[in-house]
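Reading through the structure tokens given below for one structure.
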Amino acid sequence: MVLDCDPGHDDAMALLLAIADPAVELLGVTTVAGNQTVGKCTLNARRVLSLAGAPDIPVARGADRPLVRPLRIADDVHGVTGLDGPLFEHEPKVPEATITAHELLVGVLTKHDSPVTVVATGALTNIARLLSARPDVASRIDQIVWMGGSTERGNVTPYAEANCFVDPEAAGQVLRSGIPFTMCGLNVTHQALVTDDVLSAFARIGTPLAGICVEWMTFFASTYRRLWGFTAPPLHDPVAVARLIDPAIVRCVEANVVIETAGEWTAGATAVDLHHYTGRPANARVAVELDRPAYWTRILDAVAALG
Ligand code: BDR
Ligand code: CA
């Protein structure tokens with residue numbers, strides 16, 4: 001798999017899961033503007049790979065803005081660095097790749113014999129750009145598993161989830177491409193709450209990396225408490241990785257999904273036809289239920305395995 005992300009606290013945890021879980025092989029990391037500028041997200045991805053002791057996984061910088069809209073960052077949620085919490089004095093040892101995200105995706109998809117999944121935990125700008133520039137290569141993507149959207153309400157506007165809101169045109173283009181698509185939206189990621197018992201389990205691992213995870217999730221908890229009144233924050237992005245690792249962890253149903261791009265008040269909304277009102281054919285697998293114990297076991301095991 002390639003992880004296309006905008007770290008981000010929950011993206012950081014998704015990276016750790018993808019690096020350490022034996023069921024997947026992380027071939028590369030591509031970054032996209034979203035939670036913060038693409039420069040900050042790229043630095044954060046390098047930082048996570050350094051902390052995880054994974055210097056050989058390439059980190060390549062992607063789109064610095066959505067296809068047509070101005071960039072809206074989420075510094076209210078993720079802070080001025082995009083990964084606020086623990087302080088890091090030094091530059092990460094893992095360098096930025098000398099190739100772009102586009103070149104990394106083209107390289108991986110053309111050279112790899114076995115099927116390559118793209119797990120996306122940010123706006124879908126990089127994949128939409130690949131579809132426009134190299135449809136021949138994009139069609140080699142085995143499947144896209146995305147954290148984004150919602151079958152219910154949004155988290156940046158009443159109806160839009162952040163990753164979809166940042167670049168709805170890109171999300172629409174990717175959905176229309178016909179590449180097998182799985183949507184892990186807020187309706188399921190809000191089942192992945194970092195409750196006190198989960199935080200304690202991370203603390204009990206006792207490694208420096210686990211301590212940093214606790215600091216990240218504690219920061220994330222503070223913003224979710226302040227902005228939304230949550231008693232525990234939802235760890236969204238690893239849900240998409242977990243779905244690839246073991247589909248039984250994230251139950252999905254087939255449904256038609258379209259992206260609102262023209263609505264005056266609803267841009268970035270995912271219109272998910274769970275009840276088949278429209279007669280439009282299913283074009284996505286939509287996540288509806290999380291096996292919480294299995295989810296947390298997988299993430300805790302990953303962090304523990306990284307030492
Ligand atoms: C999504 O938006 C970002 O803030 C998170 O990293 C996650 O990918 C949740 O709406
Ligand atoms: Ca993200």
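As a basis for the values below, the full set of heavy atoms in this structure was taken, side chains included, without hydrogen atoms, waters or symmetry mates. Numbering of ligands and ligand atoms starts at 1, following listing order. All of these numbers come straight from a predicted model, not from anything done at the bench.
- Using the six-membered ring where Trp is involved, His275 and Tyr277 have ring planes that are tilted, between 30° and 60° apart.
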### Message
Could you go through His78 and Phe220, starting from their C-alpha distance and side-chain angles, then the distance that decides it, and tell me whether this counts as ring-ring contact (aromatic ring centres under 6.0 Å, His included)?
### Response
CA-CA 7 Å; His78 296 274; Phe220 211 39; 5.3 Å; yes

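- Shown in contact with Ala162 at under 4.0 Å from a heavy atom are these atoms of ligand 1, numbered in order with element: 2 (O), 10 (O).
- Heavy-atom contacts of Thr121 reach the following atoms of ligand 1: 8 (O) (cutoff under 4.0 Å).
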#### Entry: Ser132/Gln173 under side-chain hydrogen bond (donor to acceptor under 3.5 Å, both in side chains): CA gap, chis, key distance, verdict
CA-CA 9 Å; Ser132 297; Gln173 186 179 347; 2.9 Å; yes

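- Counting non-hydrogen atoms of neighbouring residues, nucleotides and ligands closer than 6.0 angstrom, the CG atom of Asp196 reaches no more than 12 such neighbours.
- Atom numbering of ligand 1 starts at 1 in the shown order; those under 4.0 Å from a heavy atom of His78 are 3 (C), 4 (O), 5 (C), 6 (O).
- Summarising the local packing, CZ of Arg285 is surrounded by 12 or fewer heavy atoms from other residues, nucleotides or ligands at distances under 6.0 Å.
- Around atom CZ of Arg65, no more than 12 heavy atoms belonging to other residues, nucleotides or ligands sit under 6.0 Å away.
- For the pair Arg153 and Tyr159, the cation-pi criterion (under 6.0 Å, within 45° of the ring axis) is fulfilled.
- By the 4.0 Å heavy-atom criterion, Gly8 is excluded from the residues contacting ligand 1.
- Residue Thr189 does not touch ligand 1, judged by heavy-atom distances below 4.0 Å.
- Nearby protein atoms of type N, O or S around the Ca ion (ligand 2) amount to 5 (distance under 3.0 Å).
- Within ligand 1, the atoms closer than 4.0 Å to a non-hydrogen atom of Met147 are 1 (C), 7 (C), 8 (O), 9 (C), numbered from 1 in the order shown.
- Inspection of the Asp84 and Thr81 side chains reveals an N or O donor paired with an N or O acceptor under 3.5 Å.
- With values rounded to the nearest 0.5 angstrom, Arg69 atom CZ is found 8.0 Å from Asp167 atom CG.
- Shown in contact with Glu161 at under 4.0 Å from a heavy atom are these atoms of ligand 1, numbered in order with element: 1 (C), 2 (O), 9 (C), 10 (O).
- For atom 8 (O) of ligand 1, the closest non-hydrogen atom of the protein is Asp237 OD1, 2.6 Å.
- Contacts of Asp10 with ligand 1, taken as heavy-atom pairs under 4.0 Å, involve the side chain alone.
- Residue nearest to atom 4 (O) of ligand 1, selected from Asn35, Val77, Val166: Asn35 (by heavy-atom distance).
- Hydrophobic clustering keeps Val288 apart from Leu244 (ILVMFWY residues linked when any side-chain heavy atoms are closer than 4.5 Å, directly or through intermediates).
- In this structure, the side chains of His236 and Glu161 stay at 4.5 Å or more apart for every pair of heavy atoms.
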